Enquirer: 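My questions will all concern the structure given below.
Per chain, numbering begins at 1; letters A, B, ... match sequence-line order. Heavy-atom basis, side chains included; hydrogens, waters and symmetry copies ignored. In this text, all values refer to a predicted model and were calculated from it rather than measured experimentally.
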There are 2 protein chains.
Amino acid sequence: MRGLAKVNTGTEAPRRTRIQQEKRELILEAALEVFSTNGFRGSTIDQIAEAAGMSKPNLLYYFRRKEDIHETLMQRLLDTWLAPLRELDDIGDPLTELRSYIRRKLEMARDFPRESRLFANEILQGAPRIMPLLAGELKTLVDEKAAVIKGWMRAGKIARTDPWHLIFSIWATTQHYADFDVQVRAVLGPNRGGDGRFEDAARFLEQLFLDGLKPKG
Amino acid sequence: MRGLAKVNTGTEAPRRTRIQQEKRELILEAALEVFSTNGFRGSTIDQIAEAAGMSKPNLLYYFRRKEDIHETLMQRLLDTWLAPLRELDDIGDPLTELRSYIRRKLEMARDFPRESRLFANEILQGAPRIMPLLAGELKTLVDEKAAVIKGWMRAGKIARTDPWHLIFSIWATTQHYADFDVQVRAVLGPNRGGDGRFEDAARFLEQLFLDGLKPKG
DNA sequence: CAAATTTTTGACCGATTGGACAAACGTTAG
DNA sequence: CTAACGTTTGTCCAATCGGTCAAAAATTTG
């Protein structure tokens, strides 16, 4: 007999067997690899199936459509991706809070470069699949944190600037080390492009965001 | 009779008619639009041909292969893309030089967002077609400018930091406004996401790179 | 004008794509 | 054992892909 249709829902409520959970994870892991380096349109189901070590029809048994895989991936991504910003809290010293936010974001770029590239690919192509999330959930979160930062400015704890662009600049500088990793390593060369480049980046970013470039004195 | 094979070389020395020059420009303009939003693999010759207002075989008369279009596009891009960095000069006040470099890069993100996204797409996917250029020409240029910046640091004109990561951070923050434009506009909302966002970004970045976030005291 | 050349097009090709489907296989409960 | 259910696969399909080709149309040249 054929498998039940229930399995393939992809987005609906799950009642999954052990094998289904395992295989779905396997597929998502493989799809993350493929999608993050080739983009959605540039990736094929065959590629993902091969990376997951199964046949194409077998993969399509767990995810009915290519889009379902991508969608599931993006949903998971956004939660973990915004976690560092959610943690930015009003308690504690503002400069310390910002510094550790930068550090956490840089660590995510180092530890989850594929997730970063998957996200970058989506945004680059106009965010066709997550536009509502950007204008909704993301904007709400950023506005909320911008208000926190504004409070710090009013209290004289940090310099007065635009909180939104401040957040953008933190995103940009940290994700750069994931999204443009190839370029970073090529420019730094074999000596400085090794594992130490993230420590160097952390040191530099801390100095940039705290003190800027003006010489002391 | 059929057209001559000479026309399609794409990379070789050109001896082109007026029509050939015009049509090639038309195609490259259309291809920039398509490639920058869909990536190389995600774009089709049909899409480019339609955007250029001609039939697919007609397009293939001017560029024999899809790759030839992309290659021509990338070659042109790199020259204009690195122009601002080349202009970074040892004459003049260091802080002013850096500030105007940032401004020029931000203007490029504003005026040539498609070029920026084309480049980002290529790097994101591992830079398969321009890797030699990154490790060669680009690295040489950056190393050269890093030396200039180091000189400024030794002279006490700017704070001591890592020149390479400084350049990375300028690239990241400015190109962010082209590559992640959709996200920027979504987060800023209808009010602040309008044309003024680049002015706001310019003001913010100037302050960030010069003074950092520490409150004045 | 007419001949030569350049440009454009419609028809076509093999390969690859996302996906469907039934049959086969594996597993487990009674 | 067997029936029921979950899993896997080979085969197939229509659509789309990059690209070819010969002939028609347009343009340039003498």
Enquirer: Between atom CZ in Arg64(B) and atom P in dT20(D), what is the gap in whole Å?
Expert: 8 Å
Enquirer: Tell me, which pairs form a side chain to side chain donor-acceptor pair (under 3.5 Å) where one or both residues lie in residues 117-133 of chain B, sequence neighbours left out?
Expert: none
Enquirer: Residues two or more places apart in sequence or in another chain: which of them pass side chain to side chain donor-acceptor pair (under 3.5 Å) with Glu115(A)?
Expert: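 Here no residue qualifies.
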Enquirer: Considering only distance and modelled atom types, tabulate donor-acceptor pairs under 3.5 Å from the side chains of residues 177-185 of chain A, sequence neighbours left out.
Expert:
residue   : atom : partner   : partner atom : Å
Tyr177(A) : OH   : His165(B) : ND1          : 2.6
Asp179(A) : OD1  : Ser116(A) : OG           : 2.7
Asp181(A) : OD1  : Arg197(A) : NE           : 3.3
Asp181(A) : OD1  : Arg197(A) : NH2          : 2.8
Asp181(A) : OD2  : Arg185(A) : NH1          : 2.3

Enquirer: So, using side chain to side chain donor-acceptor pair (under 3.5 Å) as the criterion, who are the partners of Trp81(A) when residues are at least two apart?
Expert: none
Enquirer: Can you measure Ile45(A) atom CD1 to dG18(C) atom P for me and round it to whole angstrom units?
Expert: 5 Å
Enquirer: Just how far, in rounded Å, is P of dC17(D) from CZ of Arg41(B)?
Expert: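 After rounding, the gap between these two atoms is 12 Å.
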Enquirer: State which residue, out of Lys105(A), Arg104(A), Arg103(A), fulfils the salt bridge (charged side-chain N to carboxylate O under 4.0 Å, His left out) condition with Glu107(A).
Expert: Arg103(A)
Enquirer: Tabulate atom names and distances for all N/O pairs under 3.5 angstrom spanning the protein and nucleotides 9-11 of chain C.
Expert:
residue : atom : partner  : partner atom : Å
dT9(C)  : OP2  : Ser55(B) : OG           : 3.3

Enquirer: Between dG18(C) atom P and His70(A) atom NE2, what is the distance in whole Å?
Expert: 13 Å
Enquirer: Without decimals, in angstroms, what is the distance between Gln21(B) CD and dT6(C) C1'?
Expert: 15 Å
Enquirer: Do Glu206(A) and Ile102(A) come within less than 4.5 Å of each other through their side chains, counting heavy atoms only?
Expert: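 When only atoms from C-beta onward are counted, Ile102(A) and Glu206(A) do not touch, as no gap falls below 4.5 Å.
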Enquirer: What pairs meet the side chain to side chain donor-acceptor pair (under 3.5 Å) rule with one or both residues in residues 134-143 of chain A, with sequence neighbours excluded?
Expert: Arg86(A)-Glu137(A), Lys139(A)-Asp143(A), Asp143(A)-Trp164(A)
Enquirer: Check nucleotides 27-29 of chain D for protein N or O atoms closer than 3.5 Å to its own N or O atoms and list the pairs.
Expert:
residue : atom : partner  : partner atom : Å
dT28(D) : OP1  : Arg18(B) : NH2          : 3.2

Enquirer: Please determine, for the side chain of Thr44(B), which listed nucleotide (dG19(D), dG19(C), dG18(D)) has the closest atom?
Expert: dG18(D)
Enquirer: Distance check needed: dT20(D) C1' versus Phe63(B) CZ, whole Å only.
Expert: 19 Å
Enquirer: Taking NZ from Lys66(A) and P from dA20(C), how many angstroms apart are they, rounded to a whole number?
Expert: 14 Å
Enquirer: To the nearest Å, give me how far apart CG (Leu60(B)) and P (dT7(C)) are.
Expert: 15 Å
Enquirer: Report yes if at least one side-chain N or O of Lys23(B) is closer than 4.0 Å to OP1 or OP2 of dT6(C); otherwise report no.
Expert: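 Negative; the distance criterion is not met.
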Enquirer: Restricting to side chain to side chain donor-acceptor pair (under 3.5 Å), what partner residues turn up for Glu25(B), sequence neighbours left out?
Expert: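 Glu25(B): side chain to side chain donor-acceptor pair (under 3.5 Å) contacts with Arg76(B).
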Enquirer: Identify all side-chain donor-acceptor contacts of residues 44-56 of chain A below 3.5 Å with residues at least two apart in sequence or on another chain.
Expert:
residue  : atom : partner  : partner atom : Å
Thr44(A) : OG1  : Gln47(A) : N            : 3.0
Gln47(A) : OE1  : Thr44(A) : N            : 2.9
Ser55(A) : OG   : Asn58(A) : N            : 3.4

